[in-house]
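Scroll down for the structure; my scribbles are underneath it.
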Amino acid sequence: MTRAFKNAATALGDDALVLAQRLGEWSGNAPTLEEDVALTNIGLDLLGQARFLLSLAGDEDELAYLREEREFRNVQLVEQPNGDFAHTIARQLYFSCYQELLYRELASGDSQTAGLAAKAVKEVAYHRDHAVQWTLRLGDGTADSHERMRRAVDALWRFTGELFAPVEGLDVDLPALRGEWLATVSQVLERATLTLPTGPDRTAWAAGAGRQGVHTESFGRMLAEMQHLHRSHPGATW
Amino acid sequence: MTAIQDTPGAAGAVGLQAAFDAALANDERIEPRDWMPDKYRATLIRQIAQHAHSEIIGMQPEANWITRAPSLRRKAILMAKVQDEAGHGLYLYSAAETLGVSRDELLDKLHTGRQKYSSIFNYPTLTWADVGAIGWLVDGAAITNQVPLCRCSYGPYARAMVRVCKEESFHQRQGFESLLALSRGTEAQHAMAQDAVDRWWWPSLMMFGPPDADSTHSAQSMAWNIKRHSNDELRRRFVDICVPQAEALGLTLPDPDLRWNEERGHYDFGAIDWDEFNEVLRGNGPCNEQRLANRRRAHDEGAWVREAAFAYASKHMEAKG
Ligand SMILES: [Fe+2]
Ligand SMILES: [Fe+2]
C-alpha cells in the first residue's frame, strides 16, 4: 500500500465519514418521518463507504477517533453545518453529483477501490436523485422555500471549487470532471427556477483547503463531539 | 333514500354484531372494511396511535448518542436502529389510517398532549451504556409485549407487528451484545454498563403497565382479542427471560428480592414503585417536557418544507392536467 494511495483513500473516506456524521445529526429532527428515514439511509451508505476506505488506509477507528483536526483530509463542503433543510439539501446536491462522477470513474478503473466504487455508484445515484427531487420541490415550491433554497445554494457555492482539485494518489482526473458536474447542477437549478451562483467557487485562502487539512471553525466542534467518548477510554474496545 | 339503505335496521345491526362476535370467537382477523363496534375502533386507534408515538419519541433518547458512538461499527448499528424505529412509526401510522384517522391528526394529538407515548422514553440516556441497556431491556420488554400482538384480532395491526417484532428482536440482540462488550471491557466500561442496567431495570418492568388489579382497559381488550395476556403475566415472563441473560452478561439486576421460586416456576421480584410510574405518567418524569418540546420543534421547523412539497406537487399536478 503506497503512501499516495493511502492519502487518496483517506481523503475520500473522510469526505464520506464527515458527511455521515453531519447527516446523523438530523436523526429525529427531519421535517417528515419519511425524510428521517431517507437522511439516515444516506448517512448509513456514506458511513459504509467511509469504513471501507479508511480500512484501506489503516484502522478505521484509529483514523476516525484519534486524528486531530489538521490531519483530516475531507473537503470543507461536507463539514459545513446542517443549517436549515435547504442548506442540507444544497450540500447533498453539490456533493452527490460530484461523488457520482468520481465513483463512476473509479469503478471503471482497476484500483483497489473499483469494487467499492461499483457498489457505491448505485448508492450515490439514489443520493443524487433524492437531492435533485428536493431541490426542485424547494426551489419551485413556495416563495419562502424558494428564497431559502436560493440562499443555501449561494452560501455553499464557495466550497465547490475544492471538489475538483487534484488529490494525490487518486487515479482520477478530477479537474476534467468539473464540466459535467457544472452541466448537471446548472440544469437542476434551472428546473428548480434557481440560478447558478455567480460568486467565486472557492475562498480566498484556497491554498489551504480541507484536502490539505485546513478546515472551517465548526469542524473542530464536530470532531470534539464525535471523538470525546472514544478518547476518554484509551485502548478500550466497544 | 341512500341513507335509509346504508343504515342497517335494528335486525341488521344485531346481525353485524353477531358476525363480529363470531369472528372473534373463531379467532379470525377483523379487516378494515369489516363492520366493527365503535368502541373497538376507538380502542384500537388509541392503542396503535400510542404505539406509533412511542416509536418516534423513542428515537430521541437513542439518537442522542449517534454523533458520539465510540466506534464506527457501533455508530452504524445505532443509526440503523433509530432508522428502524422511524420505520415502525410509519407502519403503525399506516395501520391507524386504515381505521379512518390520518397521521396528521394523530401527530397533532401527540403534540398537544392528548395522546400518550410509552413513559419509558421519559428517562434520559446519560451514558453510552444506556444505548445497550435500552436495546437489551426496552426492546426486550417491547418484544414480550408485542409478540402476542402478532395474533391481535385487527389484521393490519397484527401484520405490522410481525414486521416490527422481527426488527425488535434484532435490536434486543444488538443491545445485549453491546452491553456484553462493555461488561467484559475495562473496569470503567463495566461500571458504566452496571449503572445503566441499575437505572433501566425498574422502568422497563413498568413498561407492562399497572398491575392487573388496577388495569382499566385490560378486560375489554382481552375480550376483543387485542390483548392476549395480562400485564402481570407478561411482566413475569420478561423477568424470567432477563435473569439468566443478566447472569450471562456478568451484571446484576438491582432487586435484592429477586430469586427463583421453585413452587411457582417463576422468579419472585420486589415491589415496583408505582408512585414513580404515576408521576412520570402525569408528566413529571425527567424528560417529558424535553421529549415533547423536541418533537414539536422538529415538526414546526419542518412546516415550510412540507408546505413546499405540497405546493410543488399541486403545481405539477395542474401542469400535467
Ligand atoms: Fe420499534
Ligand atoms: Fe427497537
Side-chain angles (χ1 to χ4, degrees), chain A residues 17 20-41 43-44 47-48 50-51 54-55 60-61 63-65 84-86 89 133-134 136-146 148-149 222 225-238, chain B residues 52 55-76 78-80 82-87 89-90 93 103 107 127-128 132 178 181-182 184-186 188-189 192 294-295 297-299 301-316:
Chain A
L17 173 64
Q21 176 75 8
R22 283 298 188 205
L23 290 172
E25 294 171 13
W26 270 106
S27 190
N29 293 302
T32 64
L33 264 181
E34 284 82 354
E35 267 320 289
D36 230 301
V37 173
L39 292 175
T40 310
N41 223 351
L44 274 169
L47 187 53
R51 296 181 63 193
L54 293 179
S55 298
E60 61 176 36
D61 285 337
L63 288 168
Y65 291 97
D84 66 2
F85 188 68
I89 291 301
Q133 294 309 318
W134 273 111
L136 297 178
R137 288 187 198 115
L138 299 183
D140 192 15
T142 62
D144 179 30
S145 70
H146 177 88
R148 285 172 183 264
M149 198 62 207
M222 194 207 86
E225 183 173 339
M226 183 172 99
Q227 296 181 335
H228 96 268
L229 177 58
H230 184 98
R231 286 180 179 237
S232 302
H233 298 265
T237 49
W238 302 91
Chain B
E55 298 286 355
I56 65 167
I57 295 283
M59 293 165 72
Q60 288 184 36
E62 297 196 88
N64 185 32
W65 283 94
I66 286 179
T67 55
R68 297 178 286 171
S71 73
L72 296 186
R73 176 171 163 264
R74 293 288 174 202
K75 191 190 289 288
L78 183 56
M79 282 175 82
V82 177
Q83 185 192 32
D84 284 349
E85 306 303 0
L90 282 172
Y93 286 120
R103 196 203 302 180
L107 283 176
T127 73
W128 166 252
S178 172
L182 293 176
R184 293 181 177 171
T186 64
Q189 285 176 306
M192 194 193 281
N294 260 336
R295 182 58 226 152
R297 180 193 44 73
H299 190 75
E301 284 178 5
W304 70 271
V305 176
R306 296 189 301 275
E307 278 157 23
F310 182 77
Y312 179 83
S314 323
K315 270 188 224 177
H316 290 267

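Letters go in sequence order (proteins before strands), and every chain restarts at 1.
- Among A:Gln227, A:His233, A:Glu34, the residue with the largest count of heavy-atom pairs under 4.5 Å with chain B is A:Glu34.
- In this structure, the side chains of A:Leu44 and B:Gln83 come closer than 4.5 Å at one or more pairs of heavy atoms.
- The greatest number of non-hydrogen atom pairs below 4.5 Å with chain A, out of B:Glu307, B:Glu62, B:Arg103, B:Arg295, is found for B:Arg103.
- Ranking A:Asn41, A:Leu39, A:Ile89 against chain B, the residue ahead of the rest is A:Asn41, based on heavy-atom pairs under 4.5 Å.
- With a 4.5 Å cut-off on non-hydrogen atoms, B:Leu182 touches chain A through its side chain but not through its backbone.
- Side-chain contact, B:Thr67 with A:Glu225: a donor N or O sits under 3.5 Å from an acceptor N or O.
- Considering only heavy atoms from C-beta on, B:Trp128 comes within 4.5 Å of B:Met192 through its side chain.
- Here B:Arg68 is the residue among B:Arg68, B:Glu85, B:Arg306, B:Met59 with the most heavy-atom pairs under 4.5 Å with chain A.
- Of the atoms belonging to B:Val82, it is side-chain heavy atoms, and not backbone ones, that fall under 4.5 Å from chain A.
- At a 4.5 Å heavy-atom cutoff, the contact between B:Arg297 and chain A is made by side-chain atoms alone.
- The contact between B:Tyr93 and chain A is made entirely by side chain atoms (from C-beta outward), counting heavy-atom distances below 4.5 Å.
- Most heavy-atom pairs under 4.5 Å with chain A: of the set B:Ala311, B:Gly132, B:Ala308, B:Ala188, this distinction falls to B:Ala308.
- The greatest number of non-hydrogen atom pairs below 4.5 Å with chain A, out of B:Gly185, B:Ala181, B:Ala76, is found for B:Ala76.
- To the nearest 0.5 angstrom, B:Leu72 atom CG is 5.0 Å from A:Glu60 atom CD.
- At a 4.5 Å heavy-atom cutoff, the contact between B:Thr186 and chain A is made by side-chain atoms alone.
- Heavy atoms from other residues, nucleotides or ligands lying under 6.0 Å from CZ of A:Arg231 number more than 12.
- At a cut-off of 3.5 Å, with distance as the only test, no side-chain donor of B:Arg74 or A:His230 sits close to an acceptor on the other residue.
- Here A:Thr237 is the residue among A:Leu17, A:Thr237, A:Asp144 with the most heavy-atom pairs under 4.5 Å with chain B.
- For the options B:Ser71, B:Ala86, B:Gly302, heavy-atom pairs under 4.5 Å to chain A are most numerous at B:Ser71.
- Residue A:Asp36 touches chain B through its side chain alone, counting heavy-atom pairs closer than 4.5 Å.
- A 4.5 Å side-chain heavy-atom check between A:Trp238 and A:Asp61 finds every atom pair outside the cut-off.
- The CE atom of A:Met222 sits 4.5 Å away from atom CD of A:Gln21, with the distance rounded to the nearest 0.5 Å.
- Separation of atoms CG (A:Asn29) and CG (B:Asn294) is listed at 6.5 Å; rounding is to 0.5 Å.
- Neither the backbone nor the side chain of B:Glu301 comes within less than 4.5 Å of any heavy atom of chain A.
- Interface remark: A:Phe85 contributes backbone and side-chain atoms alike to the contact with chain B (heavy atom separation under 4.5 Å).
- A distance of 10.5 Å separates NE2 of A:His146 from CE of A:Met149, quoted to the nearest 0.5 Å.
- Contact check for A:Tyr65 versus B:Pro70: no side-chain heavy atoms found under the 4.5 Å cut-off.
- Summarising the geometry, atom CH2 belonging to B:Trp304 is positioned 8.0 Å from atom OG1 belonging to A:Thr142; distances are rounded to the nearest 0.5 Å.
- Residue A:Ala20 touches chain B through its backbone alone, counting heavy-atom pairs closer than 4.5 Å.
- Side-chain N/O atoms of A:Glu35 and A:Trp134 include a donor and acceptor closer than 3.5 Å.
- For chain B, the nearby part of A:Arg148 is the side chain; its heavy atoms alone come within less than 4.5 Å.
- Interface check for chain A: of the options B:Ile66, B:Leu78, B:Asp84, the most heavy-atom pairs under 4.5 Å are formed by B:Ile66.
- For B:Ile56, the part lying under 4.5 angstrom from a heavy atom of chain A is the side chain only.
- Contact of A:Leu47 with chain B is made through the side chain alone, with heavy-atom distances under 4.5 Å.
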